[in-house]
Amino acid sequence: MKKIVIIPDSFKGTMSSRQVGQIIRQEAVACWPQAETICVEVADGGEGSVDAFLSVLPGEKKTVSVQGPYGETIRSFYGMIGDTAVIEMAAAAGLPLAGDHCNAGQTTTFGVGQLMRAALDNGAQKIILGLGGSATNDGGTGAAAALGVQFLNAAGQSFVPVGDTLCEITHIDLSGLDARLSQVKVIAMCDIDNPLCGPSGAATVFAPQKGASEAQIPLLDNGLHRMADVVRHDLGKDVLTMKGAGAAGGMGAGAVAFFGAELRSGIDVVLDTVQYDEMLQDCSMVITGEGRIDGQSVHGKVIAGIAKRAKKHHVPVIAIVGDIGDGADAVYDIGVSAIFSINRQAVPFTIAKTQTFENLRQTARTIFHFAQIAKSIP
């Protein structure tokens, strides 16, 4: 065994990407002390994205005061790697920050724009913006307002829209937008392809998770549709049916419309930035994983992105997961060589989650021991 690349996603609610990677690495080193092991944290744009980049690349985490989801002052952060800023919108507008009474119609992304401004003040020439884990449904208008965009209502008054008031937008004025953004490349990390509106849109699919009532959903959807109409009329950009526009409460659309962002698969941005393809040179095995694998895992998720690239380099990929759902076999076609569940007993999740650390360790140890003896099987 020459080199092992360990690059797992988090097991949501139980273990972070870093914790998963550390356990697997310890077992790999115990089995093959002479092998090179590379451990990479992974996030797809939500919480942990900044740490994922800083786990591999030299940089530092910057702290700054911004507005939280309800306009309250909070301490937030972004990562600075050379002249590239990494911002996870969840750090200013995430669900955990909204508390137990989240209301998708009242929350704002204003603090996300403040993080972007702080990064520009710090000399950022490129911004990687993680879209994930949001408590918002404002189409990114709050972030745009923080960077100088004006949203006007029928009376010609400027206001900062939230989900409930997007329908009041009649005009969008970009003349006050921070001029530095025209010289900065903005890449938005997005791991979904939902459009802005409709049955698969931001409000219908994701707003219920953010506290929206059934009656509120069509109002939020209409608000996003209104924003898209004004964007098309005033800015000449059609974001209504764009893939990924519905990410993060419509901030996928807003990032493109207001900041000229490029929407890209979150895992692809991470893999490009940490130079994953170079890691695959002379690599014997890739170990990845996540909390659940199923038929949806082939659609732009962490395991899919990792496996597809490894397949091109003819490197086997082992996926260590919690649950194995229907359709999981589809990942074999994109480069996964084997799937192993850490669940050693048929027990409810409330019990299983208390055993995940030890179960992961035992599973990794079993995999590596079998890999040793597999060489001698005729």
Side-chain angles (χ1 to χ4, degrees), residues 1-11 15-44 48-49 51-53 55-57 191 265-294 296-324 328-342 360-375:
M1 196 67 66
K2 296 179 180 179
K3 182 201 292 185
I4 304 171
V5 174
I6 303 164
I7 183 167
D9 197 358
S10 63
F11 283 45
M15 295 179 288
S16 68
S17 173
R18 175 178 295 182
Q19 290 171 320
V20 175
Q22 286 176 338
I23 291 172
I24 296 173
R25 186 180 212 170
Q26 289 167 3
E27 294 303 316
V29 170
C31 195
W32 296 292
Q34 304 306 317
E36 178 187 0
T37 56
I38 300 175
C39 206
V40 183
E41 289 183 51
V42 173
D44 53 16
S49 295
D51 288 338
F53 284 103
S55 72
V56 180
L57 302 171
D191 72 340
S265 160
I267 186 59
D268 282 337
V269 174
V270 171
L271 296 181
D272 285 346
T273 305
V274 303
Q275 299 182 323
Y276 173 66
D277 289 81
E278 284 76 5
M279 294 179 188
L280 292 172
Q281 302 297 324
D282 299 319
C283 181
S284 304
M285 177 191 299
V286 171
I287 308 289
T288 186
E290 60 185 8
R292 176 181 172 83
I293 191 169
D294 56 29
Q296 293 300 309
S297 299
V298 300
H299 299 293
K301 299 298 184 180
V302 168
I303 287 180
I306 289 167
K308 287 177 181 177
R309 296 194 186 202
K311 185 177 182 179
K312 294 178 181 178
H313 292 265
H314 308 289
V315 178
V317 176
I318 306 299
I320 303 177
V321 303
D323 291 333
I324 301 176
D329 286 359
V331 299
Y332 291 129
D333 295 330
I334 61 171
V336 172
S337 304
I339 305 170
F340 294 88
S341 170
I342 68 170
L360 172 63
R361 184 176 300 281
Q362 292 294 338
T363 303
R365 186 175 299 168
T366 298
I367 292 169
F368 295 143
H369 284 176
F370 181 77
Q372 278 187 319
I373 67 170
K375 296 179 181 178

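Residue numbers start at 1 and run along the sequence shown.
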- Message: If I compare all heavy atoms of S341 with all of G322, which pair ends up nearest, and what's the gap?
- Response: OG-O, 2.6 Å
- Query: Which residues satisfy the side-chain contact (heavy atoms from CB on, under 4.5 Å) test with A328, sequence neighbours excluded?
  - Reply: I293, I324, I339
- Query: Is it true that a side-chain atom of K311 and a backbone atom of D333 form a donor plus acceptor pair closer than 3.5 Å?
  - Reply: yes
- Note on the structure: So CD1 of I320 and OG1 of T363: to nearest 0.5 Å the spacing works out to 7.0 Å
- Query: Less than 4.5 Å apart, any side-chain heavy atom of C31 and any of H369?
  - Reply: yes
- Not counting sequence neighbours, list each pair that qualifies as a ring-ring contact (aromatic ring centres under 6.0 Å, His included) and has a residue in residues 15-40. W32-F368
- Contact summary for D9 and V42, nearest pair of heavy atoms: OD1-O, 3.7 Å
Contacts under 3.5 angstrom, residues 277-285 side chains, donor-acceptor by atom type, not counting sequence neighbours:
residue: D277; atom: OD1; partner: R309; partner atom: NH1; Å: 2.7
residue: S284; atom: OG; partner: K2; partner atom: N; Å: 2.9
residue: S284; atom: OG; partner: K3; partner atom: N; Å: 3.4

- Query: With sequence neighbours excluded, what pairs up with Q26 under the side-chain hydrogen bond (donor to acceptor under 3.5 Å, both in side chains) test?
  - Reply: R361
- Task: Run through E27, E41, R25 and flag the one making a side chain to side chain contact (heavy atoms under 4.5 Å, CB included) with I6.
- Result: R25
- Item | Residues forming a side-chain contact (heavy atoms from CB on, under 4.5 Å) with A338, sequence neighbours excluded | I318, F340
- Does T288 use its side chain to pair, donor to acceptor, with the backbone of A319 at less than 3.5 Å? no
- Message: Counting C-beta onward and ignoring hydrogens, is there a side-chain heavy-atom pair between V56 and Y276 closer than 4.5 Å?
- Response: no
- Message: Working to the nearest 0.5 angstrom, can you tell me the gap between I334 CD1 and I306 CD1?
- Response: 10.5 Å
- Query: Are the side chains of V321 and I303 in touch, meaning some heavy atoms are under 4.5 Å apart?
  - Reply: yes
- Task: Give the minimum heavy-atom separation between P316 and S337, together with the two atoms involved.
- Result: CA-OG, 3.4 Å
- Task: Report the distance from atom CD1 of I7 to atom CD1 of I24, rounding to the nearest 0.5 Å.
- Result: 11.5 Å
- Message: Please enumerate all residues that pass side-chain contact (heavy atoms from CB on, under 4.5 Å) together with S16, with sequence neighbours excluded.
- Response: R18, Q19
